[in-house]
Number of protein chains: 2
Amino acid sequence: MPLGATEDLLKRLEELVYVRKRIKTGATLYHNGSQFHALYAVKSGFIKTETLHDDGRAQITGFYMGGEILGFDGIAAEKHICTAVALEDTEVCIIPLDRIGNNDHGLNKLQNHFYKLMSKEIVRDHTIMMLLGSMHSEERLAAFILNLSHRNQLRGYSADHLILRMKREEIGSYLGMKVETVSRIFTHFQEQGLLEVHQKDIKILDMAGLKNLISNHSSKPNLPSKNQ
Amino acid sequence: MPLGATEDLLKRLEELVYVRKRIKTGATLYHNGSQFHALYAVKSGFIKTETLHDDGRAQITGFYMGGEILGFDGIAAEKHICTAVALEDTEVCIIPLDRIGNNDHGLNKLQNHFYKLMSKEIVRDHTIMMLLGSMHSEERLAAFILNLSHRNQLRGYSADHLILRMKREEIGSYLGMKVETVSRIFTHFQEQGLLEVHQKDIKILDMAGLKNLISNHSSKPNLPSKNQ
DNA sequence: CGGCATCTTGAGTTGGGTCAATGGTCGTGG
DNA sequence: CCACGACCATTGACCCAACTCAAGATGCCG
């Protein structure tokens, strides 16, 4: 989720909210069903959120890296509807939501910021719905890589060198496909000269080629619908 | 999107926000890319929102009926990222967002309500990601029908009699499948004695059977992932 | 160096897509 | 009131993208 110029917000938050928390690789920050207490801003590290279905199926709903905020799902019912797990040692800032409501200190802008953040999360979700609902596997993976690249860049890192924090299975869960498919597509992209892949170390060789893959490919399920 | 006991909020809004708007069948409330001005509460009627991809592909991201609020996607960048189209003659209340920010009149609770509504939208989106990412077509359609039924019930109507406001193609776009598949599954459900289908008029004959279909069926893409 | 987890690759199957034809339903005009 | 045409829904036959199952390969950690 590209947060853009949220840096100022984060700085202001740091002044207000000094409570930090460290989560070790594999540990959970909150659980599906647990009471909602606060939002969390990722300081460093990497977190995945996943929803569990009754029958055991899981869907990863998001990956969060430095500068991004998670936990918005918990506000609605005051309990979380997904589980947040650290994929590497991670440090978060805890943001109790009531702080945001009490705007005695001219924090009105903060409120607006939060509306925007939540809206951004909604926009992100719509993008993923688009991915899942109307793109082929190759397009989804290309879009995923490009998104990670973009976020890497926003955080001041290279746009064409990524180190994946999640395993293939998790990419698959996020993008709605099986591990084997993810793996095959990585191989394929490498054969096409789009990527150079060494396990979790990815170099983007042909950014334009990847982008092209998304916009030019033909449709899967749906055509534009001119209602009426 | 089940909004539950939002009735009181709507009532209070009505006092504040007397601006109404009527949208005829097929007309749009706002467009992809247009400036964000306000949120909209559906008074009566039915609205779909759809995102357009550059290459012409479309994905329907939501259906909104009486008592539900749309437009949250526009807050982030102050422009809408989807298009809202009325599927039948519809009346909405216009909710300019700045009203929510200015809480001189003890509207703090209103703010919190809005956080909750946005969070609910996020939760809803996660549910759909789950649908699209890890369920088979039959399960998706079953979940869709059950969701409509539930919302119908919340609004005081029958739980087992629905009149679909959208066409098959739109259901397909929302659920990530083609019209033909939607149609075949309706036929199949009818053969199974789960539904009685006459065009857009749907009677649910076996609610339990539909629910069962969702939780008991085996997985498609992903198994639970016990990280580490 | 061995054991375990993750990733890759292959072969075979299938759910759902494509294409094409038919059947309903509704609104409009003669 | 009926006929025509437009749009939508259904059905069938065929096909392919992605899944399943089954080895291997690779890498990691004790």
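This is a predicted model, so every value here is computed, not measured. To find a chain, count down the sequence lines: A is the first, B the second, and so on, and within it residues start at 1.
- Here A:Thr61 pairs with A:Thr49 under the side chain to side chain donor-acceptor pair (under 3.5 Å) rule; sequence neighbours left out.
- An end-to-end axis angle of 40° holds for the helix from C:dC1-D:dG30 to C:dG30-D:dC1, taken from five base pairs per end and rounded to 10°.
- The backbone N or O of A:His80 sits nowhere less than 3.5 Å from a side-chain atom of A:Asp73 that would complete a donor-acceptor pair.
- In this structure, B:Thr187 has no side chain to side chain donor-acceptor pair (under 3.5 Å) partners at least two apart in sequence or on a different chain.
- A salt bridge links B:Glu50 with B:Lys48: at least one charged nitrogen is closer than 4.0 Å to a carboxylate oxygen.
- Checking the phosphate oxygens (OP1, OP2) of D:dA17, no side-chain nitrogen or oxygen of A:Ser137 falls inside 4.0 Å.
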Heavy-atom contacts, protein to nucleotides 7-14 of chain C, under 4.0 Å, summarised as B (base), S (sugar-phosphate only) or - (none) per nt, yield SBBBB---
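- Scored by the ring-ring contact (aromatic ring centres under 6.0 Å, His included) test, A:Tyr40 finds A:Tyr30 as partners (sequence neighbours excluded).
- One interatomic measurement links the two molecules: NE2 of A:His198 to P of D:dG27, which rounds to 9 Å at whole-angstrom precision.
- In this structure, B:Asp201 atom CG and D:dC8 atom C1' are separated by 16 Å, rounded to whole Å.
- Judged as a side chain to side chain donor-acceptor pair (under 3.5 Å), the pairs with a partner in residues 196-208 of chain B (not counting sequence neighbours) are, in order, B:His161-B:Asp201.
- The separation between B:Lys178 atom NZ and D:dA9 atom P is 14 Å, rounded to whole Å.
- A straight line from NE2 of B:His188 to P of C:dG16 spans 12 Å, rounded to a whole angstrom.
- Evaluation of the side chain to side chain contact (heavy atoms under 4.5 Å, CB included) rule for B:Asn32 yields B:Leu52, B:Thr83 as partners, not counting sequence neighbours.
- The distance between atom CG of A:Leu131 and atom P of D:dA18, rounded to the nearest whole Å, is 13 Å.
- Every residue meeting the side chain to side chain donor-acceptor pair (under 3.5 Å) condition with A:His31, not counting sequence neighbours, appears here in chain and number order: A:Thr28.
- With sequence neighbours excluded, the residues forming a salt bridge (Lys or Arg N to Asp or Glu O under 4.0 Å) with B:Glu88 are B:Arg165, listed by chain and number.
- Rounded to an integer number of Å, the gap from CD of B:Glu170 to P of D:dC7 is 15 Å.
- Remark: A:Gln190 engages no residue in a side chain to side chain donor-acceptor pair (under 3.5 Å) (not counting sequence neighbours).
- Distance, B:Leu164 CG to D:dC8 C1': 13 Å, rounded to whole Å.
- Summarising the geometry, the separation between CZ on A:Arg140 and P on D:dA17 is reported as 14 Å, rounded to the nearest angstrom.
- Listed by chain and residue number, A:Met207, A:Leu210, A:Lys211, A:Ile214 satisfy the side chain to side chain contact (heavy atoms under 4.5 Å, CB included) test with A:Leu146 (two or more places apart in sequence, or in another chain).
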Look for any protein N or O under 3.5 Å of an N or O in nucleotides 1-3 of chain C and output each such pair with its distance, or none.
none

